[in-house]
**Q** 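Quick one: structure below, then a few questions.
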Amino acid sequence: MKKLGLLCLLLTCIGFQSCKKNEAPKDVEITKAESEKPVSVACYNALYESDTINLKINTLNNGKITGDMVMKIIDMPEKVGKIAGEFHGDTLFVDYTFIQGTNDKKVFKNPMAMLKKGNELILGSGKIETYLGRSYFAKNTPIDFEKVKYKFTTVDCANK
């Protein structure tokens, strides 16, 4: 009976270990995307009253998008972070991973959608849901690109 219990425990451990192995390629893929050299780079700036958002978009060989974004919203701490995502048609869907103000111990992650119209990107707003700690746009709820605050226009990239 002891041997049967040990066998079950061993099989369970093997099962859990195989589940962990499936997560590793995602981490490798993210690291590879961050180190890959971009095919093109575009910079954008959005202004609304006293708010400013600076956005740098890197397009990679595989069509994925990475970049940097800094949000300076009045009466709020500055948000500095990275974006990662891809275009679906004329809409760019990204995850914005950022720190807020001087608190670099807590990292936030929000989904964003931007509609490309000519040389302009329009930051949409929509219903966001959270499931198991992951935020995403609610399915079957449209993202509004009409009543928006932030419209990005292309600017020259400052070499840093």
Side-chain angles (χ1 to χ4, degrees), residues 21-160:
K21 286 182 182 177
N22 290 339
E23 293 176 13
K26 291 178 186 175
D27 295 336
V28 170
E29 186 177 310
I30 290 170
T31 305
K32 183 180 175 187
E34 288 175 353
S35 64
E36 190 175 330
K37 197 156 181 99
V39 175
S40 67
V41 177
C43 295
Y44 295 88
N45 191 10
L47 301 171
Y48 178 78
E49 294 176 355
S50 297
D51 302 344
T52 304
I53 303 175
N54 297 311
L55 175 64
K56 180 179 179 183
I57 294 179
N58 304 314
T59 305
L60 306 178
N61 264 344
N62 59 5
K64 301 281 184 183
I65 302 294
T66 62
D68 302 303
M69 185 158 53
V70 177
M71 298 179 81
K72 298 176 185 174
I73 310 297
I74 193 159
D75 296 329
M76 290 184 69
E78 182 177 88
K79 298 175 184 176
V80 178
K82 303 217 173 271
I83 63 164
E86 61 187 329
F87 273 97
H88 294 276
D90 58 356
T91 307
L92 174 61
F93 289 95
V94 296
D95 283 322
Y96 179 40
T97 306
F98 62 96
I99 58 170
Q100 192 166 332
T102 58
N103 183 7
D104 60 354
K105 290 183 175 44
K106 186 160 185 176
V107 177
F108 299 92
K109 190 170 189 176
N110 287 335
M112 298 181 116
M114 298 174 214
L115 180 65
K116 185 164 179 77
K117 280 190 175 180
N119 290 334
E120 194 175 61
L121 286 174
I122 302 168
L123 182 61
S125 62
K127 184 178 177 186
I128 295 178
E129 295 179 347
T130 303
Y131 180 70
L132 295 175
R134 170 95 166 95
S135 296
Y136 56 92
F137 286 104
K139 294 189 188 304
N140 301 323
T141 305
I143 298 171
D144 181 20
F145 293 104
E146 297 296 322
K147 300 176 203 155
V148 296
K149 291 183 183 179
Y150 303 108
K151 292 185 179 184
F152 293 89
T153 56
T154 56
V155 295
D156 290 334
C157 291
N159 292 333
K160 294 182 181 177

**Q** With rounding to the nearest 0.5 angstrom, report the CD1 to CD distance, I65 to E86.
**A**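 That separation rounds to 8.5 Å.
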**Q** Show me the pairs that pass salt bridge (charged side-chain N to carboxylate O under 4.0 Å, His left out) and involve residues 93-108, at least two apart or across chains.
**A**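 As it turns out, the salt bridge (charged side-chain N to carboxylate O under 4.0 Å, His left out) pairs with a partner in residues 93-108, which skip direct neighbours, are D95-R134.
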**Q** Counting only heavy atoms not in K116 (residues, nucleotides, ligands), do more than 12 fall under 6.0 Å from its NZ?
**A**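 Buried by this count: over 12 neighbours within 6.0 Å.
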**Q** Looking at N119, I'd like to know if its CG atom is crowded, meaning that more than 12 non-hydrogen atoms belonging to other residues, nucleotides or ligands lie closer than 6.0 Å.
**A** no
**Q** Supply the atom-to-atom distance D51 CG to I73 CD1, rounded to the nearest 0.5 angstrom.
**A** 4.0 Å
**Q** On a heavy-atom basis, which atom in I83 and which in D68 lie closest, and how many Å separate them?
**A** CG1-N, 4.4 Å
**Q** Is any side-chain heavy atom of L123 less than 4.5 Å from a side-chain heavy atom of V148?
**A** no
**Q** Are any non-hydrogen side-chain atoms of T66 and K82 less than 4.5 angstrom apart?
**A**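 No, their side chains stay 4.5 Å or more apart.
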**Q** Closest approach of A42 and C157, non-hydrogen atoms and distance?
**A**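 Closest heavy-atom pair between A42 and C157: C-SG, 3.9 Å.
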**Q** Rounded at 0.5 Å granularity, tell me how far NZ in K56 sits from CE in M69.
**A** 14.5 Å
**Q** Heavy atoms, side chains only, cut-off 4.5 Å: are F98 and N110 in contact?
**A**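 Sidechains of N110 and F98: in contact.
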**Q** Does some side-chain heavy atom of L55 sit less than 4.5 Å from a side-chain heavy atom of L121?
**A** yes
**Q** Is the F137 ring parallel, tilted or perpendicular to the F93 ring (thresholds 30°, 60°)?
**A**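 Perpendicular: the ring planes of F137 and F93 meet at over 60°.
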**Q** With a 4.5 Å cut-off on side-chain heavy atoms, are M71 and Y96 touching?
**A**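 Answer yes - side chains close enough.
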**Q** Which heavy atom of F145 sits nearest a heavy atom of A113, and at what distance?
**A** CE2-O, 3.7 Å
**Q** Could you state the interatomic distance from CD (Q100) to OG1 (T102), rounded to the nearest 0.5 Å?
**A**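 If we round to the nearest 0.5 Å, Q100:CD and T102:OG1 are 10.0 Å apart.
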**Q** Where do T130 and S135 come nearest, in terms of heavy atoms and distance?
**A** OG1-OG, 3.1 Å
**Q** How close do S50 and I74 get, counting heavy atoms only, and between which atoms?
**A** CB-CD1, 3.8 Å
**Q** Do other residues, nucleotides or ligands put more than 12 heavy atoms under 6.0 Å from the CG atom of D156?
**A**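 Count not over threshold, so no.
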**Q** Please report the shortest heavy-atom distance between N58 and G67, naming the atom on each side.
**A**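 What the structure gives for the nearest pair is ND2-CA, 3.9 Å.
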**Q** How long is the gap from CD on E146 to CD1 on I122, to the nearest 0.5 Å?
**A**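 With rounding to 0.5 Å, CD (E146) is 7.5 Å from CD1 (I122).
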**Q** A side-chain contact here means heavy atoms from C-beta on lying under 4.5 Å apart; do L60 and P38 qualify?
**A**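 Touching, per the 4.5 Å side-chain cut-off.
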**Q** Please round to the nearest 0.5 Å and tell me the distance separating atom CG of L47 and atom CZ of F152.
**A** 10.0 Å
**Q** Side-chain contact, heavy-atom cut-off 4.5 Å: L115 with I143?
**A** no
